[in-house]
Amino acid sequence: MAFVLNTYPITYRSKFSAGKWSEEYFEKPHKTPEEEAAMSAGELAKLQNSRNCYDDMPLVNYSSQYGLSCFEGLKALPQKNGGLAIFRPRQNAARFARSMEGLYMPPFPEETFLQAVKETVKRNAALGFKVDYDSNWEKDSYMTASSVYIRPFTVAEGGIGVNLSSEPYVFVINTPVSAYFSGGNSDAVVTDKIRATPNGTGWIKACSNYVISAIAKSQAIKAGYMECVYLDAIHQKYIEEGSSCNIFFYLKSGELVTPELGDTILPGITRESIIELARDKGVNVSERQISIDEALEEAKECFVTGTAAGATPLTSLTYLGRKVEFNDGKVGEFTSDIRDTIKGIQYGKLPDTKGWLVQVL
Ligand SMILES: *Cc1c(COP(=O)(O)O)cnc(C)c1O
């Protein structure tokens, strides 16, 4: 399953018009989850397509023509004690508003975002579309765990001239998701593609940033890697991010380093959470520049973080044809400990002492 579009029936749409956000929920065509599971692939694809279509949406718009849009990604996680909880949704609400402002759109109100995100999950669950907790997930620290992925995104109003969006739509859809990186290979390669440039949109969760990401990642996969890592645009020297995730290096000195935020780094909520959890464990965490040379020489462990990726170890990094293995190619002690901590909190196995979870069911 990994990360396949299998939209749940209830979707949300809002539209900014005459200074106000309208709201509506759709119940798209569906059967029961059990009936859908028994359908042929072809029938299911047709049903899925009908859920993904809105016949009153403008096909020609500033998003479809010029990539003017942004999105969020968050998860409703099945809890060990039952129900579903969303991880730090207020952070996503705030970032979504910042992204929209960064694209010169009217920002979507944070309380409306929170409500829409919770409500879609609740209403889908009421139709039987949800993910249940499976205690088998505990055996591999939730590496194979599933959850409900929530995807809020903007769509610009109709138009053909290059323009800003002053009356965007905001949608929220839900889709189930399992592990982001399929097992096996977790080798990464440094790409010569540039994800983000100074004074650009790298700090915004903008759809357009993903064009280069998708190209670079597919090149990496073709060359036999799982992931690619970007260097900075100016010097091609300092580490920036993975293809759609933040990156951390645990150095031999015991220092945990992640690139400092600037306008070319996406301020990940998982990144921020890992920094806090590591500091709680007494680890010396630095948000600073780290060159590719320092990373290759000094790092004992390396991992990437994001809502989809969780905290996923990179077992090697190849730069200009030279492959450097971290921790002899095995998942390191620090990486597995921090991953256990964040996953444990997210799935309700460890106490949520920071109030990071918002229970929806
Ligand atoms: C979404 C995203 C991340 C991770 O952010 P989280 O809030 O942790 O999910 C990292 N890098 C990029 C480029 C992203 O778009």
Side-chain angles (χ1 to χ4, degrees), residues 3 67 69-77 86-100 102-103 110 113-114 117 142 145 147-154 175 177 179-181 188 191 193-198 200-217 220 226-233 238-249 258-278 285 287 302-312 314 338-339 341-343 345-346 354 356-358:
F3 202 19
S69 50
C70 58
F71 66 95
E72 270 305 321
L74 50 169
K75 282 177 171 176
L77 303 131
I86 310 182
F87 186 69
R88 308 193 75 182
R90 288 180 186 280
Q91 308 292 109
N92 297 86
R95 190 172 63 190
F96 194 54
R98 284 201 307 274
S99 289
M100 291 179 78
L103 298 176
E110 293 176 31
F113 177 103
L114 272 178
V117 155
Y142 299 97
S147 54
V148 177
Y149 185 80
I150 308 161
R151 169 56 61 85
F153 60 100
T154 66
T175 177
V177 63
Y180 176 64
F181 293 120
T191 176
K193 292 271 180 289
I194 310 284
R195 191 194 80 90
T197 54
T201 57
W203 60 279
I204 299 172
K205 223 166 161 68
C207 298
S208 54
N209 294 340
Y210 277 76
V211 177
I212 288 164
S213 247
I215 293 170
K217 183 150 182 180
M226 176 195 77
E227 177 61 306
C228 64
V229 170
Y230 297 93
L231 301 181
D232 75 286
Y238 298 103
I239 305 260
E240 297 233 312
E241 289 202 52
S243 67
S244 54
C245 18
N246 298 113
I247 193 164
F248 287 79
F249 295 92
T258 190
E260 65 196 326
L261 295 179
D263 63 0
T264 61
I265 307 261
L266 198 287
I269 295 156
T270 319
R271 173 189 180 279
E272 185 188 302
S273 309
I274 296 262
I275 290 172
E276 194 172 328
L277 293 172
V285 185
E287 297 177 68
C302 171
F303 58 94
V304 288
T305 67
T307 296
T312 301
L314 299 182
I338 201 84
R339 186 175 64 191
T341 305
I342 192 158
K343 291 278 175 190
I345 294 171
Q346 289 179 329
K354 295 172 186 291
W356 280 348
L357 295 177
V358 171

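Counting starts at 1 for both ligands and their atoms, in listed order. Because the structure is a prediction, the values reported are computed rather than measured.
In this structure the side chain of Lys354 never reaches within 4.5 angstrom of the side chain of Ser273, judged on heavy atoms.
A salt bridge does not link Arg195 to Glu240: none of the charged nitrogens lies less than 4.0 Å from a carboxylate oxygen.
Taking the side-chain hydrogen bond (donor to acceptor under 3.5 Å, both in side chains) definition, one finds that Ser99 meets it with nothing, sequence neighbours left out. Under the rule for a ring pair (Phe, Tyr, Trp, His ring centres under 6.0 Å), the partners of Trp356 that lie at least two apart in sequence or sit in another chain are Phe87.
Sorted by chain and number, the heavy-atom contacts of ligand 1 below 4.0 Å come from Arg95, Arg195, Lys205, Tyr210, Glu241, Ser244, Cys245, Asn246, Leu266, Gly268, Ile269, Thr270, Gly306, Thr307.
Residues in residues 91-100 take part in these salt bridge (Lys or Arg N to Asp or Glu O under 4.0 Å) pairs, two or more places apart or across chains: Glu72-Arg95.
A distance of 11.0 Å separates SG in Cys228 from CD1 in Ile212, rounded to the nearest 0.5 Å.
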